[in-house]
Amino acid sequence: MAQISLTFPDGNSRDFPAGVTPAEVAEGISTSLRKKAISARVNGAHWDLQWPIGTDARIAIHTLADDAPALELIRHDCAHIMARAVQEIWPDVKVTIGPVIENGFYYDFDREEPFTPEDLGRIEKKMREIINARDPVRTEVWERDRAIRHYEDSGEPYKVELIEAIPGDEPLRMYWHGGWQDLCRGPHFQHTGQVPADAFKLMNVAGAYWRGDSDRAMLQRIYGVAFKTKADLKAHLSMLEEAAKRDHRKLGREMNLFHMQEEAPGQIFWHPDGWTIYTELQNYMRRKQRAGGYVEVNTPQVVDRKLWEASGHWDKYQEHMFIVEVDEEHAREKSINALKPMNCPCHVQVYNQGLKSYRELPLRMAEFGSCNRYEPSGALHGIMRVRGFTQDDAHIFCTEEQIEAECARFIEFLSSVYRDLGFEEFEIMFATRPEKRVGSEESWDHVENALENAIKKTGHDYTLDPGEGAFYGPKLDFKLTDAIGRVWQCGTFQVDPNLPERLGAVYIGEDGAKHRPYMLHRACLGSFERFIGILIENWAGKLPFWLAPRQVVVASIVSEADEYVAEVVAALTKAGVRAEADTRNEKINYKVREHSVGKVPVILAIGRKEVEDRTVTLRRLGEKQTQVVSLESVTADLAAEAVAPDLR
RNA sequence: GCCGGUCUAGCUCAGCUGGUAGAGCGUCUGAUUUGUAAUCAGGGGGUCGGGGGUUCGAGUCCCUCGACCGGCACCA
């Protein structure tokens with residue numbers, strides 16, 4: 001029999017007969033390794049212990065101690081065990097696919113009846129039975145025709161379609177345990193008992209389109225999470241609880257920041273405190289942009305369809321625009337307008353007023369642009385995904401040569417904004433030319449290089465996202481990480497030669513001839529609405545002092561203190577601090593609790609002693625201890641603290 | 001938009017198989033002058049998301065519309 005040579009991670013090689021399995025390799029090393037082994041890595045591929053190895057290869061044996069492969073197996077096996085449990089309970093349910101996802105897995109089923117939350121408990125119970133049975137897992141490679149015939153005979157049309165989509169040169173693997181069979185690329189455990197019975201949980205049922213295509217069948221997807229240990233599962237569940245506590249919709253109501261109602265779906269009624277955050281953030285961005293060399297403009301909300309036709313948006317996004325028809329008696333003809341869904345075409349109109357010289361470029365034009373988009377009802381989500389929103393939008397008109405410097409400048413700008421707002425970490429995604437595109441290859445080369453060099457110049461890492469750019473140019477997306485590790489895509493930087501072309505933007509070059517400028521679309525926050533939602537969740541409502549809508553409550557302990565309380569509030573207000581009095585006839589305990597729940601960062605308590613000594617007793621949100629300070633020093637300190645980070 | 005779920009007082013939620021609505025907190029009134037996460041007592045408050053139907057009778061059953069929630073699809 002032919003021999004192959006396997007190289008281990010330590011660099012040593014050994015010869016084995018061709019077709020040896022990782023299980024046999026592990027056995028050859030030691031019995032204990034054979035017992036601990038769960039899978040292998042063979043030439044970089046995650047390899048089932050049962051799969052034969054046919055050629056020379058690098059090999060590493062994985063045990064449960066190897067997190068990534070262990071979790072992949074646990075989650076993937078869990079998905080399969082769930083599918084088997086479902087088919088054992090309801091034999092007529094059709095199975096489709098069940099991949100591993102972050103923290104767990106899902107499996108999509110086709111079934112007439114909807115799954116109920118009670119069903120999930122039943123499925124979980126059956127899954128535990130399967131795990132406890134420790135059924136051995138067996139695998140085989142099948143011929144295509146045989147596999148297709150098998151699934152046609154057993155009435156599993158989705159599996160047939162899956163097989164037909166698998167490239168001809170890939171092996172079709174079948175897996176079995178306990179008489180249940182599934183097509184699967186593997187790898188899997190050796191027996192069902194290797195899945196920890198107490199470290200998984202089925203979470204919820206949701207609809208999902210077959211193959212992600214909204215024109216095809218709606219399946220039922222069951223989501224589950226799975227970990228190595230019960231403790232890991234518990235930690236995950238408490239993280240979810242923590243996220244639920246931070247939910248901006250809950251905090252928005254509790255802190256009385258905003259509300260939404262049926263009559264204006266996807267639009268926000270900002271209450272005084274919410275609007276304070278909004279204006280504070282907007283003032284900050286306005287100062288930042290001014291300092292960053294932007295000019296600010298403002299453009300119309302209702303714009304004739306002609307402009308949207310010219311920009312190309314009418315064709316592509318008409319469905320998602322709010323259309324306004326004006327049909328006045330005096331109007332010569334009915335005019336059809338759209339609420340602006342974006343600002344760029346209007347900015348080109350501003351640019352086009354007066355002939356521009358190359359000396360004026362780069363021209364950085366910013367607008368806090370209020371936009372309206374008719375988002376599909378199912379897409380709406382709190383204040384994060386809405387139909388009426390305001391972008392921190394800007395367009396930089398520049399020459400091709402200026403793109404690199406403008407890009408680098410923007411990355412620096414954005415990092416400084418994120419840092420000021422409490423986000424230290426962000427990731428850059430670099431999306432390059434797609435299949436379908438316009439423009440010359442030279443131009444793509446040049447622009448992509450410009451972006452890449454700009455990123456490198458700023459010293460940031462980036463992740464390549466090949467083929468994901470717009471049809472006219474590459475883009476950068478900026479994703480920030482919040483306090484509990486969630487990732488939000490907020491910033492963007494997009495190179496666009498197309499819109500200036502369509503809307504006839506030009507500048508006069510050094511040579512006296514007309515040239516086409518590039519347009520760079522860019523935003524840091526994305527939309528104020530969404531970003532405030534992110535801020536609320538990131539800080540769990542406990543916003544940094546300068547952004548906190550109610551910065552200080554001055555609370556009386558006895559009514560004799562009322563006059564002095566008013567004096568303290570006045571002093572703080574004059575010093576630029578948002579302060580209010582609480583002289584209600586309540587105990588200090590009650591007031592402290594109420595304002596703590598309301599996330600007020602500082603409570604100043606005033607009793608007889610404070611009145612006498614002209615001091616205050618200061619207590620910070622979340623802290624038990626208090627400190628007695630003079631009126632003068634507390635005013636100065638809090639005034640300093642209230643200054644926005646860009647003004648410090 | 002699609003699948004599933006939900007909608008009862010300002011908020012959080014009870015209300016079994018249909019028999020004309022309840023609690024806690026908040027609000028209001030009174031008492032209490034209080035020292036760092038809820039003082040006590042009393043009062044008011046809902047055409048049960050909108051509309052239609054079945055029924056002697058509907059918060060409860062059916063139809064329909066809407067909003068919201070979890071996903072999917074979408075996100076210029």
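A quick note: this is a predicted structure, and the numbers were derived from the prediction, not measured. Proteins get letters first, then strands, A, B, ... in listed order; numbering begins at 1 in each.
Put simply, the side chain of A:T116 and the base of B:G5 share no donor and acceptor less than 3.5 Å apart. For B:U36, the base has no donor-acceptor partner in the side chain of A:T626 [N/O atoms by modelled type, under 3.5 angstrom].
The six-membered or imidazole ring of A:F478 lies away from that of A:F423, with a centre-to-centre distance of 6.0 Å or more. The aromatic ring centres of A:F115 and A:F109 sit less than 6.0 Å apart.
In this structure, A:N589 atom CG and B:A38 atom C1' are separated by 8 Å, rounded to whole Å. Atom NZ of A:K591 is separated from atom P of B:A38 by 15 Å (rounded to the nearest Å). The distance between atom CZ of A:F258 and atom C1' of B:G10, rounded to the nearest whole Å, is 17 Å. Rounded to a whole Å, the CD atom of A:Q627 is 16 Å from the P atom of B:U36. Between A:L120 atom CG and B:G4 atom P the separation is 15 Å, expressed in whole Å. In this structure, the NZ atom of A:K250 is 10 Å from the C1' atom of B:U12, given to the nearest Å. B:A38 atom C1' lies 14 Å from atom CG of A:D582, rounded to whole Å. For the pair A:R211 CZ and B:C2 C1', the computed distance is 19 Å after rounding to whole Å.
For the C1' atom pair drawn from B:G22 and B:G1, the interatomic distance equals 39 Å after rounding to whole Å. Spacing of P atoms, B:U20 relative to B:G57, comes out at 15 Å, to the nearest Å. Nucleotides B:C11 and B:G26, compared at atom P, are 15 Å apart to the nearest Å. Only the P atoms considered, B:G19 is 16 Å distant from B:C48, to the nearest whole Å. Distance noted for atom C1' between B:C2 and B:C28: 48 Å (whole Å). The separation of B:U29 from B:G44, taken at their P atoms, amounts to 15 Å, rounded to a whole angstrom. Rounded to whole Å, the separation between the C1' atoms of B:G10 and B:C72 comes to 35 Å. Comparing the same atom, C1', in B:G4 and in B:C75 gives a spacing of 23 Å after rounding to whole Å.
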Give the dot-bracket line for RNA chain B from 5' end to 3' end: parentheses for intra-strand Watson-Crick or G-U pairs under 3.5 Å, square brackets for crossings, | for inter-strand pairing, dots for unpaired. (((((((..((((.....[..))))..((((.......))))......(((((..]....))))))))))))....
N/O to N/O distances under 3.5 Å, protein versus nucleotides 23-31 of chain B:
none

Exercise answer: donor-acceptor pairs, residues 264-273 of chain A side-chain atoms, under 3.5 Å, sequence neighbours excluded:
| residue | atom | partner | partner atom | Å |
| --- | --- | --- | --- | --- |
| A:H271 | ND1 | A:F269 | O | 3.4 |
| A:H271 | NE2 | A:H259 | ND1 | 3.4 |

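An OP1 or OP2 oxygen of B:G35 is reached within less than 4.0 angstrom by no side-chain nitrogen or oxygen of A:R619. Remark: A:R608 is not in phosphate contact with B:U33, judged by side-chain N or O atoms under 4.0 Å from OP1 or OP2.
Annotation: side chain of A:M260 is in contact with side chain of A:I383 (closest heavy-atom distance under 4.5 Å). Using a 4.5 Å heavy-atom cutoff, the side chains of A:Y294 and A:R522 are in contact.
Within the nucleic acid shown, A:S556 has no heavy atom closer than 4.0 Å to any nucleic acid atom. Across all strands shown, A:Q625 has no heavy atoms under 4.0 Å from either base or sugar-phosphate atoms. Base engagement by A:K609 is indicated by at least one non-hydrogen atom pair under 4.0 Å involving a base atom.
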Report, as a single string ordered 5' to 3', how protein heavy atoms within less than 4.0 Å touch nucleotides 63-76 of chain B: B base, S sugar-phosphate only, - not at all. ---BSSSBBBBBBB
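Donor-acceptor pairing under 3.5 Å is recorded for the side chains of A:E161 and A:W210. Side-chain atoms of A:T617 and A:E610 include a donor-acceptor pair closer than 3.5 Å.
At a threshold of 4.0 Å, the pair A:R620-A:E641 counts as salt-bridged, since one of the basic side-chain nitrogens sits closer than that to a carboxylate oxygen. A:R211 has no carboxylate O lying under 4.0 Å from a charged side-chain N of A:D213, or vice versa, which leaves the two without a salt bridge.
Legend: residues meeting side chain to side chain donor-acceptor pair (under 3.5 Å) with A:N498, ordered by chain and number and at least two apart, are absent. Applying the ring-ring contact (aromatic ring centres under 6.0 Å, His included) test to A:H395 and every residue at least two apart in sequence or in another chain returns A:H347, A:H521.
With rounding to the nearest 0.5 angstrom, the NZ atom of A:K94 is 11.5 Å from the CG atom of A:L219. The CG atom of A:N538 sits 9.0 Å away from the CG atom of A:L543 when rounded to the nearest 0.5 Å.
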